[in-house]
Number of protein chains: 4
Amino acid sequence: MGPGFDIVKAGHIEFLVTNLREARRFYVDTLGFVVTESDKSHVYLRGLEDRQHHCLTLTQSDSPGVGHFAFRVATEEGLKAIEKLAKSKGIYTRWVEANQERGQGRALLVEDMFGFPVEFYSKMAQEEWMLQKFQNYTVAKVMRLDHFNIMLPDAATAYAWYVKDLGFGCTEVTETEGPRPDLWAAWLRRKHTCHDIALTTGKGPRVHHAGFTVSDRGSIMDAADLLASSGYLKSMERGPGRHGVSNAFFLYLRDPDGNRIELYTGDYISADPDWIPIRWKLNDPQRQTFWGAPTPASWFNDAMLVRSPRTRRFASLTAPKIKDRPDYLLSAR
Amino acid sequence: MGPGFDIVKAGHIEFLVTNLREARRFYVDTLGFVVTESDKSHVYLRGLEDRQHHCLTLTQSDSPGVGHFAFRVATEEGLKAIEKLAKSKGIYTRWVEANQERGQGRALLVEDMFGFPVEFYSKMAQEEWMLQKFQNYTVAKVMRLDHFNIMLPDAATAYAWYVKDLGFGCTEVTETEGPRPDLWAAWLRRKHTCHDIALTTGKGPRVHHAGFTVSDRGSIMDAADLLASSGYLKSMERGPGRHGVSNAFFLYLRDPDGNRIELYTGDYISADPDWIPIRWKLNDPQRQTFWGAPTPASWFNDAMLVRSPRTRRFASLTAPKIKDRPDYLLSAR
Amino acid sequence: MGPGFDIVKAGHIEFLVTNLREARRFYVDTLGFVVTESDKSHVYLRGLEDRQHHCLTLTQSDSPGVGHFAFRVATEEGLKAIEKLAKSKGIYTRWVEANQERGQGRALLVEDMFGFPVEFYSKMAQEEWMLQKFQNYTVAKVMRLDHFNIMLPDAATAYAWYVKDLGFGCTEVTETEGPRPDLWAAWLRRKHTCHDIALTTGKGPRVHHAGFTVSDRGSIMDAADLLASSGYLKSMERGPGRHGVSNAFFLYLRDPDGNRIELYTGDYISADPDWIPIRWKLNDPQRQTFWGAPTPASWFNDAMLVRSPRTRRFASLTAPKIKDRPDYLLSAR
Amino acid sequence: MGPGFDIVKAGHIEFLVTNLREARRFYVDTLGFVVTESDKSHVYLRGLEDRQHHCLTLTQSDSPGVGHFAFRVATEEGLKAIEKLAKSKGIYTRWVEANQERGQGRALLVEDMFGFPVEFYSKMAQEEWMLQKFQNYTVAKVMRLDHFNIMLPDAATAYAWYVKDLGFGCTEVTETEGPRPDLWAAWLRRKHTCHDIALTTGKGPRVHHAGFTVSDRGSIMDAADLLASSGYLKSMERGPGRHGVSNAFFLYLRDPDGNRIELYTGDYISADPDWIPIRWKLNDPQRQTFWGAPTPASWFNDAMLVRSPRTRRFASLTAPKIKDRPDYLLSAR
C-alpha cells in the first residue's frame with residue numbers, strides 16, 4: 001500500500017460557523033454529538049464511539065467553511081517524514097504547537113498542492129468512552145468520524161498524491177464514459193473501511209462533506225424523523241438512501257450555516273492488501289443511489305470553501321476541465 | 001361510526017396484467033407474495049400474515065388496470081343490506097356466484113356512483129398461515145393487504161358515501177388552503193388501522209394504488225435493495241420515506257404493467273370511537289413525505305384505470321374542479 | 001363475535017407503587033411515557049401514539065399491585081348494559097363519577113366473579129398527539145397500551161365470560177396435553193390485534209402483566225440497552241425474544257416495585273370475523289419463546305395482586321386445579 | 001503495535017463435519033453462505049462481503065472439530081519471517097503447497113506452543129463480490145469472517161505470543177477479581193475491529209467459536225426466526241443479545257455436528273494506535289451479556305477439538321489452573 005508514514009485514519013475536521021449557539025443546537029442538542037470541551041469561540045465534539053478528544057471542531061467565524069481537516073499519524077516520526085516529503089514537493093508546512101488545538105499534540109499543518117488545509121497529528125488526549133452509556137444517546141446515534149469528501153478540478157493528480165506519496169489504498173473509483181475514461185472520483189482508505197477520503201471532480205479546492213458513522217440504518221431514519229420534527233426539515237438535502245459506491249446508507253445534512261455532513265453506515269471492511277478497486281461509470285444511475293433516486297443539483301453545485309493556512313483567506317476556486325456531474329444532471333446545473 | 005353493515009376491512013383487489021409470467025416474477029419470485037392457486041389466466045396471491053384465500057388477484061388481460069376492489073363484510077345479511085342500499089341509490093349491482101372468483105363465497109359486485117367496481121363479500125376459504133414459516137420469507141416480507149387509494153374528481157361526495165352510508169370512520173383529512181377549504185383527500189377505516197381506503201382528488205375514477213403492509217421499516221429498505229438488484233430499478237417510483245399522513249414508512253412500486261402498489265408499515269391503531277380526524281393542508285411539505293423529499297410528478301399524473309362491471313370497458317375519466325396537487329408541484333404537471 | 005356491548009379495547013391500568021418518584025424515574029425518565037398530569041399521589045401517563053388522557057396510572061400506595069384495569073366501551077348505553085349483565089350475574093358493581101379518575105367520564109367499576117377489579121368507561125379527555133413529535137422520543141418508543149394478561153385458577157370459566165358474555169373474539173389458545181385437553185390460556189381481543197386480554201392458568205386472581213406496544217423490534221433492543229445502562233439491569237426479567245403465541249417481540253420488565261410490564265411489538269391484524277383460534281400445546285418449547293430460550297421461574301411464580309373494589313384489600317388467592325406451567329419447568333417451581 | 005509481519009486479519013477456518021450434506025443444509029441453504037467451490041470431501045464457503053475464495057471450509061471427517069484456522073499475511077516475505085520466528089521458538093512448521101487448499105497460495109502451517117493448528121497465507125484467489133447481489137441474500141445476511149475465539153489453559157502466555165511476537169493489538173481484557181488479578185481473556189486485533197482472535201481461559205487447546213459478521217442486529221433476529229422454523233431450534237445455544245465486551249450483538253449457534261459459530265454485528269473501529277484496553281472483571285454480570293441474561297453452562301463446557309498438523313490426531317486437553325468461568329456459574333459446571 002505504499003509508504004504510508006503510518007497514516008492511521010481520517011482524524012478530525014474544523015467547521016467554521018457563524019453562530020456557535022445555533023451550530024451547537026444542531027450538532028449537540030439534536031444530533032447528539034458529545035461535547036468534550038468548549039470556549040467562547042470553539043466547541044470540541046466527539047462521537048459516541050470516540051475515545052479521542054475531538055473529531056469535529058466548531059469554530060466561530062465570519063463565514064462558513066472548513067478551517068482544516070486532519071489525518072491521524074501513528075508516530076511523531078511519521079509527522080517529520082511527512083514534513084520532509086511536503087518540503088520536497090514545495091508544499092507549505094507549519095507546525096502547530098501542542099494544545100494550540102485543544103487536546104492535540106504537536107501537529108503539522110500543510111497547504112497541499114491542491115489548496116487544501118490538511119493537518120497531520122499523532123497525539124490526542126483520551127476521553128471517556130460513551131459507547132455503552134446508552135442513557136445519553138439521542139436517536140441519531142453518531143458514533144465517529146468516518147471520512148472526508150473533497151472536490152477539486154483534477155482528481156487524477158490528487159489520486160497520485162494520496163496513493164503513491166501518502167500510501168492510501170484505493171477501494172472504489174468512478175470513471176467517465178468512453179474509450180479513454182478519465183478518473184472522475186476515487187475512494188481511498190488507510191483504516192480498514194471503504195474510505196478515509198474521497199476525491200471528487202468539481203470546482204475546487206472545496207470540501208464536499210464530512211461523513212460520520214451512525215449506529216445502523218435505523219439510526220439514519222430515526223435521525224430523519226428527529227430533524228424533521230426539530231425545525232431542520234430543510235437541513236435534509238439528500239436521502240435517506242443506499243449508495244452504490246460504498247454500499248452504505250446515507251443522509252446528507254446541511255448545518256445552519258450550510259456546511260454539509262453525511263450520516264453514514266453499512267460499508268465494508270477493506271483490510272485485504274490485494275483489494276482491486278470496484279469500478280463505476282459516472283453515468284450509472286445506481287452509482288450514487290443504489291435505489292435510483294435522483295440527486296439534487298445542490299449536491300453538485302455546493303461545497304465548503306477552505307481557509308488557507310498561509311493567507312487565512314478562503315482559497316479561490318478553479319473549474320475542472322471535465323464535466324463535474326453525470327450527463328443526466330447536466331441540465332440541472 | 002354509522003351503520004357499517006359490518007364492513008370489516010379492505011379485502012382484496014384484482015390487478016389486470018398483460019403478461020402473467022412477468023407479473024408473477026415481480027409479485028411472487030421477487031416480493032414474496034404467497035401463491036394460493038393459479039390457472040391459465042389468474043394467479044391468486046396472499047401475504048405472509050393472511051389466513052384467507054387471496055388479497056391480490058392477477059388477471060391476464062389486454063391492458064393493465066383494476067378489475068375490481070373488494071371489502072369484506074361480516075355476514076351475508078350485510079351483503080343484502082348493502083344491495084338494498086345500493087338499489088335505493090340507483091347503483092348498478094350484480095351477484096357474483098360462489099367460487100366464480102376462486103375461494104370466495106357469493107359476493108355483491110357494484111359499480112358505485114363514482115364509477116368504481118367494488119365487490120362486497122363475506123365468505124372466503126381459509127388457507128395455511130405462513131406467518132411463522134420464516135424459511136419461506138423473502139426479504140421484502142409482505143404481510144397483508146392494508147388499503148386502497150382511489151382518485152376521483154369529487155372527494156367530498158365520496159366521503160359522504162363512505163362515512164355516512166357505509167359507516168367508515170375518518171382518521172385523517174387533507175384540505176385546500178384558504179378561508180373556505182375544500183376536502184382534498186380523506187383516509188377512512190373500518191378495521192382499526194389508519195385506513196382501508198383513501199379518497200384523493202384527481203382525474204377519475206382511477207385506483208391510485210393498493211397498499212400492502214410489510215413487516216417493518218427494515219423490510220422497506222430490504223425490498224428496495226432486492227428490487228434494485230433484480231432488474232426492477234425503474235419500478236421504484238417514490239421512497240423509501242416516511243409519510244406525514246398515516247405516519248407510515250412507504251415505498252411506491254410500479255409493476256411491469258405500471259400498476260402501482262405501496263409497501264407500507266408503521267401506522268397506528270385507530271380503535272377509539274371518538275377519533276377526531278387529523279387535519280393537513282394540501283401545501284404542507286411534510287404531509288406527503290415527513291422528511292420533505294419531493295414527490296415525482298408521475299405520482300400525481302398516473303393511476304390505474306378501472307373496468308366497469310356493466311360495460312366491461314374501462315371507465316372514462318373526468319377532471320376535478322379543484323387542483324389535483326399541491327401548488328409547489330403544479331408546474332411539474 | 002357475540003354481543004360485545006361495543007367494548008372497544010383495553011383502555012388503561014392502575015399500578016400501585018410505593019415510591020412515586022422512583023416509579024416516575026422508571027416509566028417517564030427512562031421509558032419515555034408521556035405525563036398528561038400528576039398530583040401528590042398519582043401520575044397519569046400515556047404513550048406516544050395515544051390521543052387519550054391516560055393508559056397507565058401510577059398511584060402511591062403502601063404496597064404494589066393493581067388498583068384496577070379498564071376497558072373502553074363505545075357508548076354510555078354500553079356501560080348500562082354491562083351493569084345490567086353484571087347484576088344478573090350477581091357481580092358487584094359501582095359507578096365511578098366523572099373526573100373522579102382524572103380525565104375520565106362516568107365509569108362502571110366491577111369486581112368480576114374471578115375477583116378482578118375491572119372498570120368500563122366510555123369517555124376520556126383527548127390530549128395532544130405526540131406521535132410525530134420525534135424530538136421528545138426516548139429510544140424505548142412506548143406507543144400505547146396493548147393488552148392485559150391476567151392469571152386465575154380457572155381459565156375456562158373466564159373464557160366463557162369474556163367470549164360469550166362480553167363478546168371478545170379468541171385469536172389463540174394454549175391447551176394441556178393428553179386426549180382430553182384443558183384450556184390453559186386464551187388470547188382474546190376486541191380491537192383488531194392479537195389481544196386485549198390474555199387469560200392464563202395460575203394462582204389468582206392476579207394480573208400477570210400489562211403489555212405496551214413499542215415502535216418496532218429495534219426499540220425493544222434499544223430499550224434493553226437503555227435499561228441496562230440506567231441502573232435497571234435487574235428489571236429485565238425475560239427477553240428480548242420473539243413469542244410463538246402472538247408472534248410478537250417482547251421484553252418483560254419489573255418496575256422498582258416489582259410490577260410487571262411487557263414491551264411488545266409485531267403481532268398481527270385480526271379483523272376477520274371467521275378467525276379460527278391458533279392452538280398451542282402447553283409443553284411446546286416454541287410456544288412462549290419462538291427461539292426456544294427458557295422462561296425464568298419468576299415468570300410463572302410472580303404476578304401482581306389486585307385490590308378489591310369492595311373491600312379495598314388485596315384479593316386472596318386460590319391455586320389452580322391443573323398445573324400452572326409446562327412440564328419442563330415444574331422442577332423449577 | 002509490535003512487529004506484525006503484516007498479519008492482516010483472521011482469514012479462514014476449517015470445520016470438520018461428519019455429514020457434508022447436513023452441514024451444507026445448515027451453512028448454505030439456511031444461513032446463506034456462498035459456495036465458491038466444492039468436491040467430494042470439501043465445501044469452500046465465503047460471505048456476502050468476501051472477495052476471497054473462502055473464509056470457511058467444511059471438510060468431511062470422522063468426528064467434528066477444527067482442522068486449522070488461518071491468518072492472512074500481507075506478503076510472502078511475511079510468511080518466511082513467521083517461519084523463522086516459529087523455528088526460533090521450537091514450534092512445528094510445515095509448508096502447504098499452493099492450491100493444496102483450494103484457491104490458496106503457498107502457506108505456512110504451524111502447531112503453536114499451545115497446540116493450535118494455525119495457518120498463515122498471503123495469496124488467495126479473488127471471487128465475485130456478492131455484496132450488492134441482494135437477490136441472492138437470505139435473511140441471515142452473513143457478510144464475512146470476523147474472528148476466532150480460542151480456549152486454552154494459560155491465556156497470559158498466549159497473550160504474550162500474539163501481542164509481543166506476532167504484533168496484535170489488544171482492545172479489551174477480562175481479569176479475575178482480587179488484588180492480584182490474573183488475565184482471564186483478551187481480545188486481540190490486527191484489522192481495525194474489536195478483534196481477530198480472542199483468548200479465553202479453559203480446558204484446551206480448543207476453539208470455542210468462529211465469529212461471522214452479519215449485516216445488522218435485525219439480521220441476528222431474522223436468523224433466529226429462520227433457524228427456529230427450519231428445524232434448527234436446538235442449534236441456538238445463546239442469544240440473541242448484546243455483549244458487554246465488544247459491544248456487539250450476538251447469536252451463538254451449534255452446527256449439526258456441534259461446531260460453534262457466532263453471528264456477530266455492531267462492534268467498533270479500533271484503528272487508533274494508542275488504544276488502551278477496556279478492562280472487565282470476570283464476575284461482572286454485564287461483561288458477557290450487557291442485558292444480564294445468564295449464559296448456559298454448555299457455553300463454558302463445550303468447545304471444538306483441534307487436529308494436530310503433526311499427528312493428525314486431536315490434541316489432548318489440559319485444564320487451566322485458574323477458574324474457567326464466573327463464580328455465579330461455577331455451580332452449573
Side-chain angles (χ1 to χ4, degrees), chain A residues 1 6-11 47-52 72-75 78 105 122-126 129 131-132 134 141 143-146 171 189-194 196 213 215-219 242-247 249 265-276 278 286 290-291, chain D residues 1 6-11 47-52 72-75 78 105 122-126 129 131-132 134 141 143-146 171 189-194 196 213 215-219 242-247 249 265-276 278 286 290-291:
Chain A
M1 301 208 53
D6 292 323
I7 292 177
V8 175
K9 63 170 192 178
L48 295 160
E49 185 182 308
D50 283 320
R51 303 183 72 188
Q52 305 260 330
R72 187 160 207 207
V73 176
T75 62
S122 71
K123 288 216 158 48
M124 186 169 273
Q126 299 224 12
W129 209 24
L131 187 65
Q132 295 183 331
F134 295 102
K141 298 179 185 166
M143 307 312 286
R144 57 175 175 80
L145 175 69
D146 186 73
T171 54
R189 67 96 182 161
R190 282 296 305 171
K191 75 178 180 310
H192 297 160
T193 61
C194 174
D196 288 292
T213 297
S215 188
D216 62 16
R217 63 186 183 175
S219 308
R242 187 196 277 277
H243 283 306
V245 174
S246 85
N247 199 45
F249 288 89
T265 192
D267 61 350
Y268 46 80
I269 294 292
S270 64
D272 285 318
D274 56 350
W275 184 278
I276 298 167
I278 310 295
Q286 293 191 266
F290 192 70
W291 305 333
Chain D
M1 300 205 51
D6 292 323
I7 292 178
V8 175
K9 63 170 192 179
L48 295 160
E49 185 182 308
D50 283 320
R51 303 183 71 189
Q52 304 259 332
R72 187 161 208 206
V73 176
T75 61
S122 70
K123 288 215 158 51
M124 187 170 271
Q126 298 224 12
W129 210 23
L131 187 65
Q132 294 183 331
F134 296 102
K141 298 179 184 165
M143 307 312 286
R144 57 176 175 79
L145 175 69
D146 186 73
T171 54
R189 66 98 181 161
R190 284 295 307 171
K191 74 178 180 310
H192 298 160
T193 62
C194 174
D196 288 292
T213 297
S215 189
D216 62 15
R217 63 186 183 175
S219 307
R242 186 196 277 277
H243 284 306
V245 175
S246 85
N247 199 45
F249 289 90
T265 192
D267 61 351
Y268 47 79
I269 293 293
S270 65
D272 285 319
D274 56 351
W275 185 278
I276 298 167
I278 310 295
Q286 294 192 264
F290 192 71
W291 305 333

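All chains are named by letter (A, B, ...) in the order of the sequence lines, taking the proteins before the strands, and each is independently numbered beginning at 1.
Using a 4.5 Å cut-off between heavy atoms, Thr213(D) does not touch chain A at all. Asp216(D) touches chain A through its side chain: at least one heavy atom from C-beta onward sits under 4.5 Å away, while N, CA, C and O do not. For Lys191(D), the parts sitting under 4.5 Å from any heavy atom of chain A are the backbone and the side chain alike. With a threshold of 4.5 angstrom between heavy atoms, Gln286(D) does not approach chain A through any atom at all.
Considering only heavy-atom pairs separated by less than 4.5 Å from chain D, the leading option among Thr75(A), Ile269(A), Thr265(A), Thr193(A) is Ile269(A). Of all the listed residues (Met124(A), Met143(A), Glu49(A)), the one sharing the greatest number of non-hydrogen pairs under 4.5 Å with chain D is Glu49(A). Between chain A and the residues Gln126(D), Arg217(D), Lys9(D), Arg144(D), the most heavy-atom pairs under 4.5 angstrom are made by Gln126(D). Ranked by heavy-atom pairs under 4.5 Å with chain A, the first of Gly218(D), Ser215(D), Gly244(D) is Gly244(D).
Not counting sequence neighbours, Thr171(D) has no partner by the side-chain hydrogen bond (donor to acceptor under 3.5 Å, both in side chains) test. Under the side-chain hydrogen bond (donor to acceptor under 3.5 Å, both in side chains) criterion, His243(D) pairs with Tyr252(D), Glu262(D), not counting sequence neighbours.
Using cut-offs of 30° and 60° for the angle between ring planes, the Tyr268(A) and Trp129(D) rings count as perpendicular.
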side-chain contact (heavy atoms from CB on, under 4.5 Å) evaluation trace for Leu145(D) with Gln52(D): CA-CA 11 Å; Leu145(D) 175 69; Gln52(D) 304 259 332; over 6 Å; no

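To the nearest 0.5 Å, atoms CG (Asp196(A)) and CZ (Arg72(A)) are separated by 13.0 Å.
A side-chain donor-acceptor contact under 3.5 Å links Arg189(A) to the backbone of Ser270(A).
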